[in-house]
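Side chains are part of it too, since the values below use all heavy atoms of this structure and drop only hydrogens, waters and symmetry mates.
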Amino acid sequence: MPRSIFFISDGTGITAETLGRALLTQFQDLPFKQVSMPFVNDMEKLEWAIKRIERAHETDAEQPVVFCTIIQRELRERLTQCHAVVIDFFEAFTGRLEQVLGRPAAHVAGRFHGMGNAQDYGERISAVHYALDHDDGVTTRDFEKADIILVGVSRTGKTPVSLYLALNHGIQAANYPFSDDDFVQGGLPDRLEPFRAKLFGLTIQPDRLQQIRQERRPNSRYADPEQVRNEIRAVEQLYRRERIPFLDVTYMSVEEIATSIIQQAGLQRRL
C-alpha cells in the first residue's frame, strides 16, 4: 500500500513540496500517495488538515509523513501531536540561522512565494509577458530587449524553458523556431543576425524528437523519422558554423536546461 505523504504550508506549499519531493526521489522504489495542503494558516484549517492525516493513519499500514513549512509556532506544535512523522523544515533550520545571524527570524508567512518585494514581482510579470509575446518567432520586435534568444527546431523545449526562465528568474527570454527555409539559405535568418550574441541553441536526439512529434501529429511529414534526422543534422551544422552555443536536452528536465543556460550564457538572475 502506498505511504501517505502530506505537504502542509501556511502559504502556497511550493517550498514544502519542492524540498519534500527532492528528498523522496531518493526512495524511488517505494510507492507514495502525495497530498498538498496549502494555506493552512489558522487553527481551524489545521484541525481539518489533521483529520485528513488521522484518516490516512487509520487506513494505511504505515504512519503518514508530513512535510511542513508553517511559520506559527502554535500551529506547528499542534501538528506534531497527530499520528504522523512530521518533518518541519522551518524548525530544523531557522533556529540555527538565528544563532548564526545573531537576530530572530521575522516569522512572517508568504515571504518567498508571495508578492514580497513589489519590484521583484514586477520583474517576474514583465518577463513572463515578454516570453509570451515573443514565443515561437511570432515577432522579432524588441529582440534587443531580450536577455537571451533560444533557437532550435520545433518541439525542442524552447517555450517551456523561456517561461521557466521568466517565471523563476525574471529573465526576458524570446525563442525562435528554425524551419526548412532557414536551412536553405545557409546562414542565420536575417532577422536574427543583429542579435547573434544573444542566441542559444537547443538540440535533441532524433529518436526522442520523432517520438514527441508523433504524439503531436501522428503519421505526418512533421513526425517522419527521416525529416526529423535531417532537421537535427542541419540545425547542429548551423550551430557549429555560426558558433552558436547549444545544448543537447534529450535527457534534461526544464529546470536543468534553464540552469545550464544561465550558467553557460552568464545570465544575470533578476529575482
Side-chain angles (χ1 to χ4, degrees), residues 2 17-18 21-22 24-25 28-29 31-34 127-128 130-140 143 146 148-169 171 173-192 195 198-265:
E17 290 186 36
T18 300
R21 287 175 176 163
L24 294 178
T25 61
Q28 292 186 350
D29 56 327
F32 298 116
K33 180 172 61 178
Q34 302 181 31
V128 170
Y130 186 88
L132 292 172
D133 290 342
H134 296 81
D135 180 42
D136 213 25
V138 170
T139 179
T140 57
F143 262 21
I148 195 162
I149 303 169
L150 302 181
V151 294
V153 299
S154 177
R155 310 306 293 177
T156 50
K158 300 181 297 300
T159 295
V161 173
S162 296
L163 289 172
Y164 184 91
L165 289 169
L167 187 60
N168 290 277
H169 302 296
I171 291 171
N175 72 80
Y176 180 92
F178 286 127
S179 65
D180 288 343
D181 292 340
D182 293 320
F183 300 135
V184 169
Q185 74 175 48
L188 280 179
D190 293 340
R191 64 181 71 183
L192 293 182
F195 312 106
K198 297 184 177 186
L199 302 182
F200 196 100
L202 302 183
T203 189
I204 190 171
Q205 292 183 9
D207 289 348
R208 176 57 181 149
L209 181 57
Q210 193 275 330
Q211 180 185 21
I212 294 171
R213 289 187 176 183
Q214 178 69 11
E215 292 172 357
R216 185 172 179 82
R217 297 184 197 169
N219 305 316
S220 63
R221 179 177 181 275
Y222 177 73
D224 179 73
E226 186 62 25
Q227 172 67 19
V228 170
R229 284 192 293 270
N230 288 339
E231 288 185 34
I232 293 296
R233 185 184 307 114
V235 79
E236 291 185 1
Q237 288 175 351
L238 184 146
Y239 292 153
R240 295 186 178 96
R241 184 174 61 249
E242 302 297 331
R243 298 184 179 180
I244 298 171
F246 68 97
L247 189 65
D248 185 333
V249 302
T250 306
Y251 301 108
M252 300 177 72
S253 66
V254 170
E255 295 88 346
E256 290 170 328
I257 298 167
T259 302
S260 297
I261 290 171
I262 291 171
Q263 182 180 32
Q264 293 184 34

(request) Run the salt-bridge test on Arg221 and Asp180 with the 4.0 Å N-O cut-off and return the result as yes or no. (result) yes
(message) Could you tell me if Gln214 and Asn219 have a donor-acceptor pair between their side chains, going purely by distance under 3.5 Å?
(response) yes
(message) Side chains of Phe143 and Leu192, heavy atoms from C-beta outward: is any pair under 4.5 Å?
(response) yes
(request) Look up atom CZ in Arg191 and atom OG1 in Thr139, then write down how far apart they are to the nearest 0.5 Å. (result) 8.5 Å
(message) Nearest 0.5 Å, please: how far is CG in Leu163 from CD1 in Ile171?
(response) 13.0 Å
(message) Within this structure, what is the OG1-CG distance for the pair Thr250 and Leu209, rounded to the nearest 0.5 Å?
(response) 9.0 Å
(request) Given side-chain contact (heavy atoms from CB on, under 4.5 Å), test Leu247 with Thr203 step by step and report yes or no. (result) CA-CA 6 Å; Leu247 189 65; Thr203 189; over 6 Å; no
(request) Using modelled atom types only, decide if a donor and an acceptor are shared between the side chain of Thr259 and the backbone of Glu256 within a distance under 3.5 Å. (result) no
(request) For the pair Asn175 (side chain) and Asp136 (backbone), establish whether a donor and an acceptor sit closer than 3.5 Å, ignoring hydrogens and angles. (result) yes
(message) For the backbone of Ser179 and the side chain of Asp182, can you confirm whether one donor and one acceptor N or O come within less than 3.5 Å of each other?
(response) yes
(request) Give a yes or no on this: more than 12 heavy atoms of other residues, nucleotides or ligands lie within 6.0 Å of atom CZ of Arg216. (result) no
(message) Please verify the inter-ring angle class for Tyr176 with Phe178; under 30° counts as parallel, over 60° as perpendicular, anything in between as tilted.
(response) perpendicular
(request) Measure the shortest side-chain to side-chain distance between Val249 and Val254 over non-hydrogen atoms and say whether it is less than 4.5 angstrom. (result) no
(request) Return yes if some donor-acceptor pair links the side-chain N/O of Lys158 with the main-chain N/O of Val153 below 3.5 Å, else return no. (result) yes
(request) Would you please name every residue forming a side chain to side chain donor-acceptor pair (under 3.5 Å) with Arg240, sequence neighbours left out? (result) none
(request) Report yes if the side chains of Arg21 and Gln34 come closer than 4.5 Å at any heavy-atom pair, otherwise no. (result) yes
(message) Checking the side chain of Arg213 only, and the main-chain atoms of Ser154 only, is there a donor and an acceptor separated by less than 3.5 Å?
(response) yes
(request) Supply the atom-to-atom distance Ser260 OG to Leu202 CG, rounded to the nearest 0.5 angstrom. (result) 10.5 Å
(message) Tell me whether Arg155 is salt-bridged to Glu231, with the criterion being a basic N under 4.0 Å from an acidic carboxylate O.
(response) no
(request) Indicate yes or no: at least one non-hydrogen side-chain atom of Leu199 is less than 4.5 angstrom from one of Leu188. (result) yes
(request) Identify the two heavy atoms, one from Val235 and one from Gly152, that lie closest to each other, and give their separation to 0.1 Å. (result) CG2-CA, 4.4 Å
(request) Calculate, to the nearest 0.5 Å, the distance between atoms CD1 and CG belonging to Ile212 and Asp207 respectively. (result) 11.0 Å
(message) Restricting to ring-ring contact (aromatic ring centres under 6.0 Å, His included), what partner residues turn up for Phe200, sequence neighbours left out?
(response) none
(request) Starting from the C-alpha separation in whole Å, work towards a yes-or-no answer on side-chain contact (heavy atoms from CB on, under 4.5 Å) for Leu165 and Ile262. (result) CA-CA 9 Å; Leu165 289 169; Ile262 291 171; 3.8 Å; yes
(message) Would you say that Phe183 contacts Gln237 through its side chain, given a criterion of any heavy-atom pair below 4.5 Å between the two side chains?
(response) no
(message) Working to the nearest 0.5 angstrom, can you tell me the gap between Ile149 CD1 and His134 NE2?
(response) 9.0 Å
(message) Under 3.5 Å, is there a donor on one side chain and an acceptor on the other for Arg208 and Gln211?
(response) yes
(message) Do Val138 and Asp133 make a side-chain contact, defined as non-hydrogen atoms from C-beta onward lying under 4.5 Å apart?
(response) no
(request) Verify whether one side chain among Thr159 and Asp135 offers a donor that lies under 3.5 Å from an acceptor in the other. (result) yes
(message) Can you confirm whether more than 12 heavy atoms, excluding those of Arg241, are under 6.0 Å from its CZ atom?
(response) yes
(message) Would you call the rings of Tyr164 and His169 parallel, tilted or perpendicular, taking 30° and 60° as the class edges?
(response) perpendicular
(message) Is there a side-chain contact between Gln185 and Asp181 in this structure, where contact means two heavy atoms from C-beta onward sitting under 4.5 Å apart?
(response) no
(message) Do Ile261 and Ile148 have side chains that approach each other closer than 4.5 Å (heavy atoms only, starting at C-beta)?
(response) yes
